[in-house]
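What's counted below: heavy atoms across the whole structure, side chains too, no hydrogens, waters or symmetry copies. As the structure is a prediction and not an experimental result, all values here were calculated from the model.
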Amino acid sequence: MNKPLSCNQAHLRQVDESMLTNLTAQQVNAKEANKCCQCAYNSGYQQGSLLQKFISLDLDSLGESGANNDGHYKSLHQAFALGYSDGVNSIIKN
């Protein structure tokens, strides 16, 4: 049995794995199947902390991951939205 690959990109913020567990267990299309939810969360967080008006989830910029603890088969869009919300909240709280 092959060990799943973990994302090799740096994650400035780590999503609490219990938060990923609560995300919908699906991908919208095959392009998302091996993308990292930690990367999606970090992208959203960065954009939210900058209060960007026009936000975007760039699937091609996300790391590859087959590891369940990186959110494999979880919704990248929900991870991104969670990160964006947390980023906005970090500005509001300061």
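Heavy-atom minimum distance, Lys35 versus Leu76: CB-CD1, 3.5 Å. Nearest approach of Ser75 to Cys37, heavy atoms of both residues: O-SG, 4.0 Å.
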Residues 80-89, side-chain donor-acceptor partners within the protein, below 3.5 Å, at least two apart:
residue : atom : partner : partner atom : Å
Tyr84   : OH   : Gln52   : O            : 2.9
Asp86   : OD2  : Tyr41   : OH           : 2.6
Asn89   : ND2  : Ser85   : O            : 3.2

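Note: His77 NE2 to Leu59 CG = 5.5 Å, rounded to the nearest 0.5 Å.
A donor-acceptor contact shorter than 3.5 Å is absent between the side chain of Glu64 and the backbone of Cys36. A donor-acceptor pair is defined here as one N or O able to donate and one able to accept, closer than 3.5 Å; no such pair exists between the side chain of Ser43 and the backbone of Ala40.
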Take Leu57 and Leu62 through the test side-chain contact (heavy atoms from CB on, under 4.5 Å) and record every step on the way to the result. CA-CA 9 Å; Leu57 174 57; Leu62 304 179; 4.1 Å; yes

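Taking 4.5 Å as the limit, some side-chain heavy atom of Cys39 sits within range of a side-chain heavy atom of Cys7.
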